[in-house]
Number of protein chains: 2
Amino acid sequence: MEDKKFTVRAAERALDILLCFTEKREWSLTEIAQHTGLNKSTVYRLLVTLEGKGFLRRNPETEKYRLGFRIWELSANLSQSDDPAVLFLPEMERLRDELEETVSLYIRDGMERVRIQAVESHQTIRRVAPIGDRMPLTVGASSKVLVAYAPPETQEIILNDPSWPETIDRERYRKQLEEIRRRGYATSMEEREAGASAVAAPVFNRLGEIIAALAVSGPVGRLTEEKMEAFAPRIIEAAQRMGKMVKGGAAVR
Amino acid sequence: MEDKKFTVRAAERALDILLCFTEKREWSLTEIAQHTGLNKSTVYRLLVTLEGKGFLRRNPETEKYRLGFRIWELSANLSQSDDPAVLFLPEMERLRDELEETVSLYIRDGMERVRIQAVESHQTIRRVAPIGDRMPLTVGASSKVLVAYAPPETQEIILNDPSWPETIDRERYRKQLEEIRRRGYATSMEEREAGASAVAAPVFNRLGEIIAALAVSGPVGRLTEEKMEAFAPRIIEAAQRMGKMVKGGAAVR
DNA sequence: AATTGAATTTCAACCAGTGAAACCGGAGGA
DNA sequence: TCCTCCGGTTTCACTGGTTGAAATTCAATT
């Protein structure tokens, strides 16, 4: 998207067509043409090319296109680094470069959350985020996301844990979680740390289980409420893409 | 390869580059250029394109290219039909159309082999191959392949099974198996059925275990010894491609 | 400092890729 | 039956995207 300088248009278009298949299993020529905004002829030729190389195949019944066996062949060669900490890194870097703020990835471990991956903003004033850091589940945007999307039973266990502060009003808290689920993301301002705000969104696996929280954090001065609201869709989008990268339905840890 | 008429060259080249990654995990620009025979500049631009779209990513340490997260996203949308009988069908059809003879897929079940998938030649005189058929492991090209590549212990059990004919000279038979492993395929002429010949090659999973035998069979008149020798490389190639499509290292049945 | 090897960028030429429009063929309706 | 519609396929002329060679940068080695 940035440096269009040294790219090959025809190849880009072919890849765009392939990417349609992350959204829907089957596409007809016309559907793809509409969705991508390309000319029918162009799409046709690219489809012939993709089919010829085995990246797509036609469903004989519906006449529509589906992904072909080459994708299997390729994905088989990926199966090593299933580790989200490695797997998600490029996507996190992308997000960091887009928003210019520190990006962290958290998972829940009992009554704590752990930062399993992070990429820091390039700005001189920035959120520093050491990997491996552990924080209580009671505060922070990521914590709220991790709790909000935890399965109900787990949520009950968490809320009834002896370590859970009595000072937190359970009813108000539940309302907050509901609100987070409604919006799809959580924010926090100087909740865990003075001067720091954060926006966090859930990463789901294919079964819809939360496997991690993706957070963007920075100084309150820069990460204002408007800013966070504006960032939220981008973070949610990145988190969704990350979720799609996870094989099977395995939850993390 | 056949109808080059309506394909887009630039897209084809991009896909060729992607396909390199079925053979090796990491490639440098120069390696790809040599392997594909394309100009370095061309490869460079296509790599930039592929990386920009997330189909490739660079290993920061080695500076080389690897497959990117988009492949995950796509393969996630495939994860239904893991069944080789379904999975291999397109490849088998391809082979059938290329050789114009009946193609069968066998797995070993104890002392028998079972045809779990088949596509028949279009010719009027052809090998008819009902799916589900069971045959003894003692005769036929596919049987020999299934035995030749079975793990040593399994092989011993098979050869010592009471159902194994005493008339077969163990020493000669072992020599035959060795020869098959050396060549990578097996043939048979009127061994199991009068008038029928067959060529078979092994399908391995990623761990190198045999999971099936891919066989091409037809009338001895058409499937002469020369013909079978000529077909063998194509069958082996198809079997290899099929093997690469299998997720994980799981053996079939 | 010089040398190698690899990735990146420039550049001019040309042909591959493009969109518009024509064509085809089957499904469905009058 | 004929007609129309609507996808997919093919043709065609134009042009600008793609290409290879060569120059350039950059880092690692000697």
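Order of the sequence lines sets the chain letters (A, B, ...), proteins ahead of strands, with each chain counted from 1. What you are looking at is a predicted structure, and each value in this text was computed from that prediction instead of being measured.
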_Looking at A/Glu237 and A/Arg241, is any side-chain nitrogen of the basic one under 4.0 Å from a carboxylate oxygen of the acidic one?_
yes
*Using 4.0 Å as the upper bound for N to carboxylate O, is an ion pair formed by B/Glu101 and B/Arg222?*
yes
When you get a sec, tell me which of [options] is the closest nucleotide to the side chain of [X]?
| X | options | answer |
| --- | --- | --- |
| A/Tyr44 | C/dT10, C/dG17, D/dT9 | D/dT9 |
| A/Thr30 | D/dG8, D/dT10, D/dT18 | D/dG8 |
| A/Leu29 | D/dT9, C/dA16, C/dT8 | D/dT9 |
| B/Ser28 | C/dA7, D/dT19, D/dT9 | C/dA7 |

Without decimals, in angstroms, what is the distance between [X] [atom1] and [N] [atom2]?
| X | N | atom1 | atom2 | answer |
| --- | --- | --- | --- | --- |
| B/Asn39 | C/dA13 | CG | P | 18 Å |
| A/Ile32 | D/dT9 | CD1 | P | 12 Å |
| A/Lys40 | C/dA21 | NZ | P | 13 Å |
| B/Glu12 | C/dG17 | CD | P | 9 Å |
| A/Leu38 | C/dG17 | CG | C1' | 12 Å |
| A/Arg45 | D/dG17 | CZ | C1' | 13 Å |
| A/Leu46 | C/dT18 | CG | P | 6 Å |
| B/Phe6 | D/dT9 | CZ | P | 10 Å |

*Close side-chain approach of B/Leu29 to B/Leu47, heavy-atom, < 4.5 Å*: yes
*asked:* On the six-membered ring of B/Tyr106, is B/Arg113 placed so that its NZ or CZ lies under 6.0 angstrom from the centre and within 45° of the ring axis?
replied: yes
*Base, sugar-phosphate, or nothing for B/Ser41, non-hydrogen atoms under 4.0 angstrom?*
base
_Given DNA chain C, 5'-ward residue of the pair B/Tyr65 and A/Gly37, judged by closest heavy atom_ = B/Tyr65
_Under the side-chain hydrogen bond (donor to acceptor under 3.5 Å, both in side chains) test, residues paired with B/Ser41 that sit two or more places apart_ = B/Asn39
*OP1 or OP2 of C/dT18 sitting under 4.0 Å from any side-chain N/O of A/Arg13?*
yes
